[in-house]
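Okay, so here's the structure we're looking at.
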Number of protein chains: 2
Amino acid sequence: MTRYAPTARTTATRSPARVGYDREAVHRVLDEALVCHVGFVVDGEPVVLPQLHARVGDQLYLHGSTGARALRQAREAGLQVCVTVTLLDGLVLARSAFHHSVNFRSVVAYGLAVAVDDDEEKSRALAVLVDAVVPGRSTASRPPSRKELAATTVLRLDLEEVSLKVRSGPPIDDREDMELPYWAGVLPLLTSRGIPVPDPAALVPVEVPEHVTAWGRPGR
Amino acid sequence: MTRYAPTARTTATRSPARVGYDREAVHRVLDEALVCHVGFVVDGEPVVLPQLHARVGDQLYLHGSTGARALRQAREAGLQVCVTVTLLDGLVLARSAFHHSVNFRSVVAYGLAVAVDDDEEKSRALAVLVDAVVPGRSTASRPPSRKELAATTVLRLDLEEVSLKVRSGPPIDDREDMELPYWAGVLPLLTSRGIPVPDPAALVPVEVPEHVTAWGRPGR
(Lines give C-alpha, C1' and ligand atoms only; values in the text may rest on other atoms or scores of the structure.)
Protein backbone atom coordinates (compact mmCIF):
# COMPACT_ATOMS: atom_id res chain seq x y z
CA MET A 1 0.00 0.00 0.00
CA THR A 2 1.49 3.34 -0.99
CA ARG A 3 -1.60 5.46 -0.29
CA TYR A 4 -4.31 5.45 2.34
CA ALA A 5 -7.73 4.99 0.74
CA PRO A 6 -9.79 8.21 0.97
CA THR A 7 -13.14 8.04 2.75
CA ALA A 8 -16.00 10.53 2.95
CA ARG A 9 -14.54 12.23 5.99
CA THR A 10 -10.95 12.31 4.75
CA THR A 11 -12.00 13.84 1.44
CA ALA A 12 -11.55 17.61 1.32
CA THR A 13 -14.50 19.75 0.38
CA ARG A 14 -12.26 22.84 0.21
CA SER A 15 -8.72 23.15 -1.23
CA PRO A 16 -8.60 19.51 -2.42
CA ALA A 17 -5.19 20.15 -4.04
CA ARG A 18 -3.71 20.51 -0.55
CA VAL A 19 -4.95 17.12 0.65
CA GLY A 20 -3.14 13.85 0.04
CA TYR A 21 -2.97 10.25 1.16
CA ASP A 22 0.62 9.27 0.44
CA ARG A 23 1.65 6.80 3.12
CA GLU A 24 5.30 7.81 3.38
CA ALA A 25 4.47 11.51 3.50
CA VAL A 26 1.95 10.84 6.29
CA HIS A 27 4.55 8.84 8.20
CA ARG A 28 7.15 11.60 7.89
CA VAL A 29 4.77 14.14 9.44
CA LEU A 30 3.77 11.79 12.27
CA ASP A 31 7.42 11.00 12.96
CA GLU A 32 8.48 14.64 13.00
CA ALA A 33 5.72 15.85 15.32
CA LEU A 34 6.43 15.71 19.05
CA VAL A 35 2.84 15.95 20.16
CA CYS A 36 -0.56 14.99 18.79
CA HIS A 37 -4.07 16.06 19.76
CA VAL A 38 -6.46 13.20 20.43
CA GLY A 39 -10.18 13.84 20.14
CA PHE A 40 -12.91 11.58 21.46
CA VAL A 41 -16.52 11.88 22.53
CA VAL A 42 -17.75 11.81 26.14
CA ASP A 43 -21.50 12.14 26.74
CA GLY A 44 -21.95 13.26 23.17
CA GLU A 45 -19.49 16.12 23.54
CA PRO A 46 -15.97 16.52 22.19
CA VAL A 47 -12.80 16.27 24.27
CA VAL A 48 -9.36 17.09 22.84
CA LEU A 49 -6.21 16.33 24.81
CA PRO A 50 -2.52 16.50 23.91
CA GLN A 51 -0.69 13.19 23.94
CA LEU A 52 2.64 11.78 22.89
CA HIS A 53 2.65 9.38 19.97
CA ALA A 54 4.99 6.99 18.21
CA ARG A 55 4.54 5.15 14.95
CA VAL A 56 5.56 1.59 14.16
CA GLY A 57 4.65 0.79 10.57
CA ASP A 58 0.93 1.47 10.33
CA GLN A 59 0.31 1.43 14.04
CA LEU A 60 0.25 4.56 16.12
CA TYR A 61 0.86 4.29 19.85
CA LEU A 62 -0.59 7.01 22.07
CA HIS A 63 0.43 7.90 25.59
CA GLY A 64 -1.15 10.45 27.88
CA SER A 65 -4.14 10.94 30.11
CA THR A 66 -7.63 10.61 28.62
CA GLY A 67 -9.69 10.57 31.82
CA ALA A 68 -11.14 7.50 33.47
CA ARG A 69 -14.23 7.06 31.30
CA ALA A 70 -12.51 7.25 27.94
CA LEU A 71 -9.86 4.88 29.23
CA ARG A 72 -12.47 2.38 30.35
CA GLN A 73 -14.03 2.57 26.91
CA ALA A 74 -10.64 2.04 25.25
CA ARG A 75 -10.22 -1.04 27.44
CA GLU A 76 -13.68 -2.44 26.72
CA ALA A 77 -15.01 -1.78 23.22
CA GLY A 78 -12.30 0.58 21.99
CA LEU A 79 -12.51 4.35 21.80
CA GLN A 80 -13.35 6.18 18.55
CA VAL A 81 -10.68 8.82 18.17
CA CYS A 82 -9.49 11.46 15.78
CA VAL A 83 -5.75 11.97 16.14
CA THR A 84 -4.43 15.18 14.64
CA VAL A 85 -0.84 16.28 14.27
CA THR A 86 0.13 19.74 13.04
CA LEU A 87 3.56 21.04 12.08
CA LEU A 88 3.78 24.80 11.57
CA ASP A 89 6.38 25.57 8.94
CA GLY A 90 5.93 29.29 8.40
CA LEU A 91 3.80 32.39 8.57
CA VAL A 92 2.57 33.50 5.18
CA LEU A 93 2.27 37.28 4.96
CA ALA A 94 0.31 38.54 1.97
CA ARG A 95 -0.38 42.09 0.82
CA SER A 96 -4.04 41.61 1.67
CA ALA A 97 -5.18 40.55 5.14
CA PHE A 98 -7.47 38.05 3.40
CA HIS A 99 -4.64 36.06 1.81
CA HIS A 100 -2.62 35.71 4.99
CA SER A 101 -2.04 32.07 5.76
CA VAL A 102 0.29 29.62 7.41
CA ASN A 103 2.48 26.97 5.88
CA PHE A 104 1.79 23.72 7.66
CA ARG A 105 1.65 19.96 7.38
CA SER A 106 -1.19 18.29 9.22
CA VAL A 107 -2.23 14.64 9.53
CA VAL A 108 -5.70 13.54 10.60
CA ALA A 109 -6.26 9.87 11.50
CA TYR A 110 -9.62 8.38 12.43
CA GLY A 111 -10.20 5.02 14.02
CA LEU A 112 -10.77 2.85 17.03
CA ALA A 113 -8.07 3.19 19.70
CA VAL A 114 -7.62 0.19 21.94
CA ALA A 115 -5.70 -0.14 25.17
CA VAL A 116 -2.55 -2.24 24.90
CA ASP A 117 -2.86 -4.98 27.50
CA ASP A 118 -0.08 -7.33 26.56
CA ASP A 119 2.99 -6.56 28.70
CA GLU A 120 5.44 -7.35 25.95
CA GLU A 121 3.71 -5.10 23.42
CA LYS A 122 3.35 -2.36 26.02
CA SER A 123 7.02 -2.59 26.89
CA ARG A 124 7.99 -2.32 23.21
CA ALA A 125 5.55 0.55 22.70
CA LEU A 126 6.99 2.48 25.64
CA ALA A 127 10.52 2.10 24.29
CA VAL A 128 9.30 3.35 20.92
CA LEU A 129 7.49 6.27 22.59
CA VAL A 130 10.62 7.31 24.48
CA ASP A 131 12.73 6.99 21.32
CA ALA A 132 10.18 8.95 19.28
CA VAL A 133 10.83 11.97 21.49
CA VAL A 134 14.57 11.47 21.99
CA PRO A 135 16.08 8.89 19.61
CA GLY A 136 18.39 6.55 21.46
CA ARG A 137 16.97 7.36 24.86
CA SER A 138 15.22 4.07 25.61
CA THR A 139 18.54 2.25 25.93
CA ALA A 140 20.04 5.13 27.94
CA SER A 141 17.58 4.89 30.81
CA ARG A 142 16.27 2.19 33.12
CA PRO A 143 13.54 0.12 31.42
CA PRO A 144 10.12 0.00 33.09
CA SER A 145 9.48 -2.53 35.84
CA ARG A 146 6.43 -4.76 35.79
CA LYS A 147 4.73 -2.43 38.25
CA GLU A 148 5.53 0.65 36.16
CA LEU A 149 4.18 -1.09 33.06
CA ALA A 150 0.94 -1.82 34.88
CA ALA A 151 0.67 1.85 35.86
CA THR A 152 1.13 3.05 32.28
CA THR A 153 -1.60 3.42 29.70
CA VAL A 154 -0.81 3.01 26.04
CA LEU A 155 -3.43 3.12 23.31
CA ARG A 156 -2.97 1.71 19.82
CA LEU A 157 -4.59 3.02 16.66
CA ASP A 158 -4.30 1.30 13.30
CA LEU A 159 -3.54 3.82 10.57
CA GLU A 160 -6.19 3.18 7.93
CA GLU A 161 -8.36 6.25 7.54
CA VAL A 162 -5.73 8.95 7.26
CA SER A 163 -5.15 12.15 5.32
CA LEU A 164 -2.44 14.76 5.05
CA LYS A 165 -2.99 18.45 4.39
CA VAL A 166 -0.12 20.66 3.30
CA ARG A 167 0.24 24.35 2.53
CA SER A 168 3.64 25.51 1.39
CA GLY A 169 5.26 28.24 -0.63
CA PRO A 170 4.86 32.00 -0.94
CA PRO A 171 1.70 34.08 -0.43
CA ILE A 172 -0.75 34.20 -3.31
CA ASP A 173 -2.16 37.69 -3.64
CA ASP A 174 -4.74 38.93 -6.07
CA ARG A 175 -3.18 40.46 -9.17
CA GLU A 176 -4.59 43.92 -8.38
CA ASP A 177 -2.85 43.91 -4.97
CA MET A 178 0.63 43.12 -6.28
CA GLU A 179 1.80 46.74 -6.31
CA LEU A 180 0.55 47.63 -2.84
CA PRO A 181 3.42 48.96 -0.72
CA TYR A 182 3.35 46.06 1.78
CA TRP A 183 6.09 43.52 2.31
CA ALA A 184 4.95 40.01 1.48
CA GLY A 185 6.67 36.72 2.00
CA VAL A 186 7.13 33.85 4.40
CA LEU A 187 8.56 33.90 7.90
CA PRO A 188 9.83 30.32 8.44
CA LEU A 189 9.27 28.76 11.85
CA LEU A 190 11.33 26.07 13.47
CA THR A 191 11.39 24.13 16.68
CA SER A 192 14.82 24.42 18.18
CA ARG A 193 16.37 23.28 21.41
CA GLY A 194 17.94 25.29 24.14
CA ILE A 195 20.90 24.35 26.31
CA PRO A 196 20.33 21.08 28.24
CA VAL A 197 19.62 21.74 31.93
CA PRO A 198 21.02 18.93 34.13
CA ASP A 199 18.84 17.71 36.98
CA PRO A 200 19.84 19.85 39.99
CA ALA A 201 19.18 16.84 42.22
CA ALA A 202 21.77 14.67 40.44
CA LEU A 203 23.97 12.68 42.83
CA VAL A 204 26.48 11.37 40.32
CA PRO A 205 28.14 13.43 37.59
CA VAL A 206 27.17 12.23 34.09
CA GLU A 207 28.33 13.96 30.92
CA VAL A 208 25.58 15.21 28.59
CA PRO A 209 25.23 12.31 26.14
CA GLU A 210 25.24 12.62 22.38
CA HIS A 211 21.56 11.73 22.04
CA VAL A 212 20.87 14.96 23.95
CA THR A 213 23.46 17.27 22.38
CA ALA A 214 22.64 16.01 18.87
CA TRP A 215 18.88 16.13 19.38
CA GLY A 216 16.83 17.35 16.42
CA ARG A 217 13.65 16.37 14.66
CA PRO A 218 13.78 13.91 11.74
CA GLY A 219 13.19 15.53 8.40
CA ARG A 220 14.04 19.08 9.47
CA MET B 1 -13.29 37.21 37.81
CA THR B 2 -9.74 36.06 38.42
CA ARG B 3 -10.38 32.33 38.02
CA TYR B 4 -12.55 30.23 35.76
CA ALA B 5 -14.99 28.15 37.78
CA PRO B 6 -14.08 24.44 37.66
CA THR B 7 -16.68 22.01 36.30
CA ALA B 8 -16.84 18.21 36.33
CA ARG B 9 -14.98 17.95 33.04
CA THR B 10 -12.35 20.58 33.82
CA THR B 11 -11.52 18.93 37.15
CA ALA B 12 -8.46 16.71 37.00
CA THR B 13 -8.76 13.15 38.18
CA ARG B 14 -5.00 12.67 37.91
CA SER B 15 -2.21 15.11 38.86
CA PRO B 16 -4.63 17.75 40.24
CA ALA B 17 -1.66 19.87 41.37
CA ARG B 18 -0.84 20.51 37.72
CA VAL B 19 -4.29 21.86 36.86
CA GLY B 20 -5.36 25.46 37.41
CA TYR B 21 -8.01 27.99 36.49
CA ASP B 22 -6.20 31.31 36.80
CA ARG B 23 -7.64 33.60 34.16
CA GLU B 24 -4.48 35.53 33.37
CA ALA B 25 -2.36 32.39 33.17
CA VAL B 26 -4.90 30.87 30.76
CA HIS B 27 -4.84 34.02 28.65
CA ARG B 28 -1.04 34.03 28.47
CA VAL B 29 -0.99 30.49 27.10
CA LEU B 30 -3.74 31.22 24.57
CA ASP B 31 -1.92 34.36 23.45
CA GLU B 32 1.43 32.65 23.08
CA ALA B 33 0.15 29.69 21.06
CA LEU B 34 0.06 30.09 17.29
CA VAL B 35 -2.33 27.26 16.62
CA CYS B 36 -5.15 25.53 18.46
CA HIS B 37 -6.87 22.20 17.89
CA VAL B 38 -10.63 22.38 17.69
CA GLY B 39 -12.65 19.24 18.41
CA PHE B 40 -16.31 18.74 17.55
CA VAL B 41 -18.66 15.86 16.93
CA VAL B 42 -19.99 14.82 13.52
CA ASP B 43 -22.36 11.84 13.36
CA GLY B 44 -21.41 10.92 16.90
CA GLU B 45 -17.72 10.73 16.07
CA PRO B 46 -14.87 13.08 16.96
CA VAL B 47 -13.18 15.45 14.52
CA VAL B 48 -10.08 17.47 15.45
CA LEU B 49 -8.75 20.16 13.14
CA PRO B 50 -6.02 22.78 13.57
CA GLN B 51 -7.20 26.38 13.47
CA LEU B 52 -5.84 29.82 14.18
CA HIS B 53 -7.21 31.64 17.19
CA ALA B 54 -7.13 35.07 18.78
CA ARG B 55 -8.39 36.17 22.16
CA VAL B 56 -10.18 39.40 23.01
CA GLY B 57 -10.95 39.50 26.73
CA ASP B 58 -12.92 36.33 27.38
CA GLN B 59 -13.83 35.70 23.80
CA LEU B 60 -11.85 33.40 21.57
CA TYR B 61 -12.11 33.83 17.82
CA LEU B 62 -11.38 30.79 15.66
CA HIS B 63 -10.50 30.73 11.99
CA GLY B 64 -10.00 27.72 9.76
CA SER B 65 -11.95 25.09 7.90
CA THR B 66 -14.37 22.86 9.82
CA GLY B 67 -16.18 21.20 6.94
CA ALA B 68 -19.60 22.17 5.66
CA ARG B 69 -21.73 20.35 8.22
CA ALA B 70 -20.01 21.65 11.32
CA LEU B 71 -20.09 25.13 9.85
CA ARG B 72 -23.83 24.88 9.19
CA GLN B 73 -24.30 23.81 12.78
CA ALA B 74 -22.18 26.72 14.05
CA ARG B 75 -24.42 29.03 11.99
CA GLU B 76 -27.68 27.51 13.21
CA ALA B 77 -27.65 26.27 16.81
CA GLY B 78 -23.96 26.70 17.56
CA LEU B 79 -21.33 23.96 17.59
CA GLN B 80 -20.17 22.27 20.79
CA VAL B 81 -16.40 22.44 20.70
CA CYS B 82 -13.37 21.62 22.76
CA VAL B 83 -10.51 23.97 21.92
CA THR B 84 -7.09 22.80 23.06
CA VAL B 85 -3.82 24.69 22.90
CA THR B 86 -0.50 23.09 23.81
CA LEU B 87 2.87 24.74 24.26
CA LEU B 88 5.81 22.36 24.54
CA ASP B 89 8.48 23.85 26.76
CA GLY B 90 10.92 21.02 27.14
CA LEU B 91 11.72 17.33 27.08
CA VAL B 92 12.13 15.85 30.54
CA LEU B 93 14.69 13.05 30.59
CA ALA B 94 14.66 10.94 33.70
CA ARG B 95 16.92 8.08 34.75
CA SER B 96 14.00 5.71 34.39
CA ALA B 97 12.01 5.40 31.17
CA PHE B 98 8.88 5.56 33.32
CA HIS B 99 9.53 9.06 34.63
CA HIS B 100 10.25 10.59 31.24
CA SER B 101 7.90 13.46 30.62
CA VAL B 102 7.47 16.74 28.82
CA ASN B 103 7.23 20.22 30.21
CA PHE B 104 4.17 21.87 28.72
CA ARG B 105 1.39 24.36 29.23
CA SER B 106 -1.98 23.32 27.85
CA VAL B 107 -5.36 25.05 27.86
CA VAL B 108 -8.65 23.23 27.30
CA ALA B 109 -11.80 25.29 26.68
CA TYR B 110 -15.28 23.82 26.26
CA GLY B 111 -18.32 25.63 24.95
CA LEU B 112 -20.65 26.52 22.15
CA ALA B 113 -18.92 28.11 19.17
CA VAL B 114 -21.08 30.35 17.04
CA ALA B 115 -20.42 31.80 13.62
CA VAL B 116 -19.77 35.54 13.60
CA ASP B 117 -22.31 37.06 11.20
CA ASP B 118 -22.04 40.74 11.90
CA ASP B 119 -19.68 42.33 9.35
CA GLU B 120 -18.26 44.80 11.81
CA GLU B 121 -17.46 42.14 14.42
CA LYS B 122 -16.04 39.86 11.74
CA SER B 123 -13.84 42.63 10.43
CA ARG B 124 -12.52 43.37 13.92
CA ALA B 125 -12.01 39.65 14.59
CA LEU B 126 -10.00 39.20 11.41
CA ALA B 127 -7.73 42.11 12.32
CA VAL B 128 -7.22 40.55 15.74
CA LEU B 129 -6.53 37.14 14.16
CA VAL B 130 -3.90 38.60 11.83
CA ASP B 131 -2.31 40.53 14.71
CA ALA B 132 -2.36 37.44 16.95
CA VAL B 133 0.00 35.72 14.51
CA VAL B 134 2.10 38.76 13.57
CA PRO B 135 1.54 41.74 15.88
CA GLY B 136 1.18 44.93 13.88
CA ARG B 137 0.37 43.16 10.64
CA SER B 138 -3.30 44.09 10.29
CA THR B 139 -2.41 47.73 9.66
CA ALA B 140 0.44 46.74 7.34
CA SER B 141 -1.76 44.94 4.81
CA ARG B 142 -4.89 45.73 2.83
CA PRO B 143 -8.02 45.25 4.98
CA PRO B 144 -10.63 42.76 3.76
CA SER B 145 -13.25 43.88 1.26
CA ARG B 146 -16.93 43.20 1.80
CA LYS B 147 -16.69 40.23 -0.56
CA GLU B 148 -13.66 38.82 1.26
CA LEU B 149 -15.44 39.21 4.59
CA ALA B 150 -18.39 37.25 3.24
CA ALA B 151 -16.01 34.49 2.09
CA THR B 152 -14.38 34.19 5.52
CA THR B 153 -15.63 32.12 8.42
CA VAL B 154 -14.94 33.16 11.97
CA LEU B 155 -16.29 31.32 15.00
CA ARG B 156 -16.56 32.83 18.47
CA LEU B 157 -16.31 30.91 21.73
CA ASP B 158 -16.93 32.49 25.11
CA LEU B 159 -14.26 31.46 27.60
CA GLU B 160 -16.19 30.12 30.58
CA GLU B 161 -15.35 26.45 31.07
CA VAL B 162 -11.59 26.54 30.87
CA SER B 163 -8.62 24.87 32.53
CA LEU B 164 -4.87 25.07 32.32
CA LYS B 165 -2.47 22.19 32.84
CA VAL B 166 1.21 22.81 33.44
CA ARG B 167 4.24 20.57 33.96
CA SER B 168 7.52 22.31 34.59
CA GLY B 169 10.85 21.72 36.23
CA PRO B 170 13.36 18.87 36.39
CA PRO B 171 12.67 15.13 36.17
CA ILE B 172 11.47 13.42 39.34
CA ASP B 173 13.08 10.03 39.63
CA ASP B 174 12.55 7.44 42.30
CA ARG B 175 15.11 7.71 45.06
CA GLU B 176 16.58 4.28 44.30
CA ASP B 177 17.31 5.34 40.70
CA MET B 178 19.26 8.47 41.60
CA GLU B 179 22.67 6.86 41.27
CA LEU B 180 22.05 5.16 37.95
CA PRO B 181 24.68 6.20 35.42
CA TYR B 182 22.23 7.99 33.11
CA TRP B 183 22.16 11.70 32.39
CA ALA B 184 18.92 13.31 33.54
CA GLY B 185 17.63 16.80 32.98
CA VAL B 186 15.54 18.97 30.70
CA LEU B 187 16.10 19.80 27.06
CA PRO B 188 14.29 23.12 26.58
CA LEU B 189 12.35 23.59 23.35
CA LEU B 190 11.58 26.85 21.65
CA THR B 191 9.83 28.06 18.56
CA SER B 192 12.18 30.27 16.62
CA ARG B 193 11.99 32.01 13.30
CA GLY B 194 14.17 31.62 10.25
CA ILE B 195 15.20 34.29 7.79
CA PRO B 196 12.21 36.01 6.13
CA VAL B 197 11.73 34.83 2.53
CA PRO B 198 10.36 37.64 0.34
CA ASP B 199 7.64 36.75 -2.15
CA PRO B 200 9.49 35.82 -5.37
CA ALA B 201 6.57 37.29 -7.36
CA ALA B 202 6.97 40.75 -5.78
CA LEU B 203 6.71 43.58 -8.33
CA VAL B 204 7.76 46.45 -6.08
CA PRO B 205 10.72 46.39 -3.70
CA VAL B 206 9.65 46.71 -0.05
CA GLU B 207 12.08 46.56 2.84
CA VAL B 208 11.43 43.83 5.43
CA PRO B 209 9.39 45.68 8.07
CA GLU B 210 10.10 45.69 11.77
CA HIS B 211 7.00 43.64 12.62
CA VAL B 212 8.65 40.82 10.64
CA THR B 213 12.27 41.20 11.74
CA ALA B 214 11.25 41.67 15.40
CA TRP B 215 8.73 38.82 15.37
CA GLY B 216 8.61 36.67 18.48
CA ARG B 217 5.96 35.13 20.68
CA PRO B 218 4.64 37.05 23.68
CA GLY B 219 5.81 35.70 27.00
CA ARG B 220 8.85 33.83 25.68
Side-chain angles (χ1 to χ4, degrees), chain A residues 13-14 34-35 37 39-41 45-48 50 65 68 80 82 84 86 88 91 95-98 100 106 126 130 133-134 138 140-144 148 170-171 177-194 196-200 203-204 206 208-209 212 215, chain B residues 13-14 34-35 37 39-41 45-48 50 65 68 80 82 84 86 88 91 95-98 100 106 126 130 133-134 138 140-144 148 170-171 177-194 196-200 203-204 206 208-209 212 215:
Chain A
T13 49
R14 288 177 64 173
L34 280 167
V35 71
H37 282 80
F40 49 93
V41 178
E45 298 198 344
V47 179
V48 178
S65 58
Q80 285 290 349
C82 175
T84 301
T86 305
L88 271 191
L91 308 177
R95 293 155 190 91
S96 60
F98 182 71
H100 276 65
S106 180
L126 283 176
V130 166
V133 176
V134 183
S138 72
S141 53
R142 176 179 64 69
E148 288 171 339
D177 288 333
M178 290 300 292
E179 298 193 35
L180 289 177
Y182 303 124
W183 187 84
V186 173
L187 186 59
L189 296 180
L190 25 140
T191 298
S192 50
R193 63 169 195 274
V197 181
D199 180 9
L203 298 177
V204 286
V206 181
V208 186
V212 174
W215 184 90
Chain B
T13 50
R14 289 177 63 172
L34 280 167
V35 72
H37 281 80
F40 50 92
V41 178
E45 298 198 343
V47 179
V48 178
S65 58
Q80 285 289 349
C82 176
T84 301
T86 306
L88 271 191
L91 308 178
R95 292 154 190 91
S96 60
F98 182 71
H100 276 65
S106 181
L126 283 176
V130 166
V133 176
V134 183
S138 71
S141 52
R142 176 179 64 70
E148 287 171 341
D177 288 334
M178 290 301 290
E179 297 193 34
L180 290 178
Y182 303 124
W183 186 84
V186 173
L187 186 59
L189 296 179
L190 24 139
T191 297
S192 51
R193 63 170 196 275
V197 182
D199 180 8
L203 298 177
V204 287
V206 181
V208 186
V212 174
W215 184 90

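Quick note on labels: first sequence line is chain A, next is B, and so on, each numbered from 1.
- For the pair C82(B)/E45(A), no side-chain contact is recorded, criterion being any heavy-atom separation below 4.5 Å from C-beta on.
- Contact check for P170(A) versus V197(B): no side-chain heavy atoms found under the 4.5 Å cut-off.
- Rounded to the nearest 0.5 angstrom, L126(A) CG and H100(B) NE2 are separated by 11.5 Å.
- Between chain B and the options A68(A), P196(A), S138(A), P200(A), the largest number of non-hydrogen pairs under 4.5 Å is found for P196(A).
- Looking at P198(A), both its backbone and its side chain come within 4.5 Å of chain B, counting heavy atoms on both sides.
- The two residues G39(A) and V48(B) make their nearest non-hydrogen contact at CA-CG2, 3.5 Å.
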Take R95(B) and S141(A) through the side-chain contact (heavy atoms from CB on, under 4.5 Å) test and state the conclusion after the steps. CA-CA 5 Å; R95(B) 292 154 190 91; S141(A) 53; over 6 Å; no

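- Residue W215(B) holds its CH2 atom at 5.5 Å from CG of L91(A), rounded to the nearest 0.5 Å.
- With a threshold of 4.5 angstrom between heavy atoms, V134(A) approaches chain B through side-chain atoms but not through N, CA, C or O.
- Heavy-atom distances place the side chain of S106(B), and not its backbone, under 4.5 Å from chain A.
- Interface remark: V130(A) contributes side-chain atoms only to the contact with chain B (heavy atom separation under 4.5 Å).
- In this structure the side chain of V206(B) never reaches within 4.5 angstrom of the side chain of Y182(A), judged on heavy atoms.
- Here R142(A) is the residue among R193(A), E179(A), R142(A), E148(A) with the most heavy-atom pairs under 4.5 Å with chain B.
- Looking at L180(A), the atoms closer than 4.5 Å to chain B (heavy atoms on both sides) sit in the backbone and in the side chain alike.
- Shortest non-hydrogen contact noted between P143(A) and A97(B) is CA-CB, 4.5 Å.
- In terms of heavy-atom pairs under 4.5 angstrom with chain B, the leader among G194(A), P188(A), G185(A) is P188(A).
- Contact check for H37(A) versus T86(B): side-chain heavy atoms found under the 4.5 Å cut-off.
- We find the CG-CG distance between L190(A) and L190(B) to be 9.5 Å, quoted to the nearest 0.5 Å.
- With respect to chain B, the highest number of heavy-atom pairs below 4.5 Å among L34(A), V47(A), L187(A), V204(A) belongs to L187(A).
- Proximity to chain B is limited to the side chain of S65(A), based on heavy atoms less than 4.5 angstrom apart.
- Counting heavy-atom pairs closer than 4.5 Å to chain A, the top-ranked of the candidates A140(B), S192(B), P209(B) is S192(B).
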